[in-house]
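Naming: A, B, ... by sequence-line order, numbering from 1 per chain.
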Amino acid sequence: MKSENIVKCPECDSRSISQDISRGETVCADCGLVIAENVIDPREEWTEFGTDGASKSRVGTPSTPLFHDKGLTTAIPWQNKDYYGNGLSGKTRIQFHRLRKWQQRANTANGNERNLAAALVELDRISGRLSLSRRHREEAATIYRMAVDRGLVRGRSIDSMVAASVYLMNQKLQLARSLENIVDVTRCSRKEVSRAHKIIKAALGVRTTIPGPGIYVSRFCNELELPLVVEERSNEVILRAEKLELTHGRSPMGVAAAAIYIASRLEKQFRTQREIADVSDVTEVTIRNRYKELVLHLEIVLE
DNA sequence: ACACGTAGAGAACTGGT
DNA sequence: ACCAGCACTCTACGTGT
């Protein structure tokens with residue numbers, strides 16, 4: 001990984017690339033794109049093992065919850081070759097075979113570890129499809145790890161528990177992903193995911209604030225390429241709507257979509273109901289119903 | 001093209017048993 | 001665990017500008 005050679009962000013062309021060495025990441029400071037990860041930390045470890053100072057050289061990637069062994073592995077290659085590429089003698093070969101076997105067992109020996117290993121593969125897959133940042137993946141992985149530790153996964157499908165962990169992380173960190181967004185990228189039903197989610201949430205005692213429409217505004221506006229003023233306007237509308245309890249029992253995405261529709265017209269940055277419906281995963285009908293309601297009760301005049 | 005309105009179907013939550 | 005009732009949303013229209 002030649003991260004030190006990167007000078008421009010491939011996403012936004014910004015030149016402010018920063019290296020977070022202790023996390024092993026190279027990140028664009030402007031758009032937050034992670035350009036490289038698992039970069040080896042070349043700095044000397046603080047702990048000194050020798051007396052000459054030169055022995056402080058233990059390096060490696062930082063620890064992360066994203067691998068079942070937290071990324072701290074020693075790999076014994078399968079080839080029966082030594083460092084110079086020469087073949088190993090029969091005796092050594094047998095010895096290495098045994099070492100490999102034991103390491104395999106040590107890595108995934110108990111059921112929990114094996115479970116985690118499988119789960120993290122799934123987490124990686126769905127995180128990719130939801131384009132979650134590393135921080136979000138780590139939080140989801142941590143939640144899943146706790147669920148495994150409490151024995152919650154036993155007898156339930158790994159996939160549904162992983163999806164539920166992602167959803168819980170999403171709520172905890174106020175990410176704007178709906179349950180549908182997550183169900184779409186898993187192999188299990190909405191019912192399974194929401195049941196698993198309830199179980200984990202209760203067992204871990206995670207408190208989440210019920211997400212209001214507000215959390216969707218910036219994501220939708222981004223996808224619609226609307227300027228910041230529209231975003232602010234939308235939030236004002238939503239705030240007033242919440243005060244009048246116009247949002248209760250309504251799909252938050254529908255309310256957000258309607259607020260954006262109103263705001264975009266107020267700011268003369270017209271977007272059609274169709275366009276807004278597409279990014280917000282609600283239908284035009286719902287946008288219409290919500291926006292009529294909002295306009296009526298908030299006494300907003302659209303010309 | 002876009003916005004508007006409606007009817008029937010359907011999914012999801014609540015409370016009851 | 002299943003069921004009924006409920007409010008809300010969706011699909012699929014037709015209509016109007």
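Applying the salt bridge (charged side-chain N to carboxylate O under 4.0 Å, His left out) criterion to D281(A), with sequence neighbours excluded, gives no partner residue. Under the rule for a ring pair (Phe, Tyr, Trp, His ring centres under 6.0 Å), the partners of Y261(A) that lie at least two apart in sequence or sit in another chain are Y291(A). When the salt bridge (charged side-chain N to carboxylate O under 4.0 Å, His left out) test is applied to D149(A), no partner is found at least two apart in sequence or on another chain. Shown here are the side-chain hydrogen bond (donor to acceptor under 3.5 Å, both in side chains) partners of E231(A), two or more places apart in sequence or in another chain: there are none.
Applying the ring pair (Phe, Tyr, Trp, His ring centres under 6.0 Å) test to pairs two or more places apart or on separate chains, none has a residue in residues 139-162 of chain A. The list of salt bridge (Lys or Arg N to Asp or Glu O under 4.0 Å) pairs with a residue in residues 288-299 of chain A, not counting sequence neighbours, reads R250(A)-E293(A), R290(A)-E293(A). Counting only residues at least two apart or on different chains, the salt bridge (Lys or Arg N to Asp or Glu O under 4.0 Å) pairs with a member in residues 236-245 of chain A are R233(A)-E236(A). Applying the ring pair (Phe, Tyr, Trp, His ring centres under 6.0 Å) test to residues at least two apart or on different chains, the pairs with a partner in residues 204-225 of chain A are Y216(A)-F220(A). Listed by first and then second residue, the side chain to side chain donor-acceptor pair (under 3.5 Å) pairs that reach into residues 167-179 of chain A are E139(A)-K172(A), Q171(A)-H197(A), Q174(A)-T209(A), S178(A)-N181(A), sequence neighbours excluded.
One finds a side-chain N or O of R290(A) lying less than 4.0 angstrom from the OP1 or OP2 phosphate oxygen of dT9(C).
Atom P of nucleotide dT11(C) and atom CG of D278(A) are separated by 11 Å, given to the nearest angstrom.
R137(A) has a carboxylate O that lies under 4.0 Å from a charged side-chain N of D124(A), or vice versa, which qualifies the two as a salt bridge.
Looking at residues 242-252 of chain A, you'll see that no heavy atom sits under 4.0 Å from any atom of DNA chain B.
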| query | Can you give one letter per nucleotide of nucleotides 2-8 of chain B, 5' to 3': B if a protein heavy atom sits under 4.0 Å from the base, S if only from the sugar-phosphate, - if neither? | reply | SSBBB--
| Can you give one letter per nucleotide of nucleotides 12-17 of chain B, 5' to 3': B if a protein heavy atom sits under 4.0 Å from the base, S if only from the sugar-phosphate, - if neither? | SS----
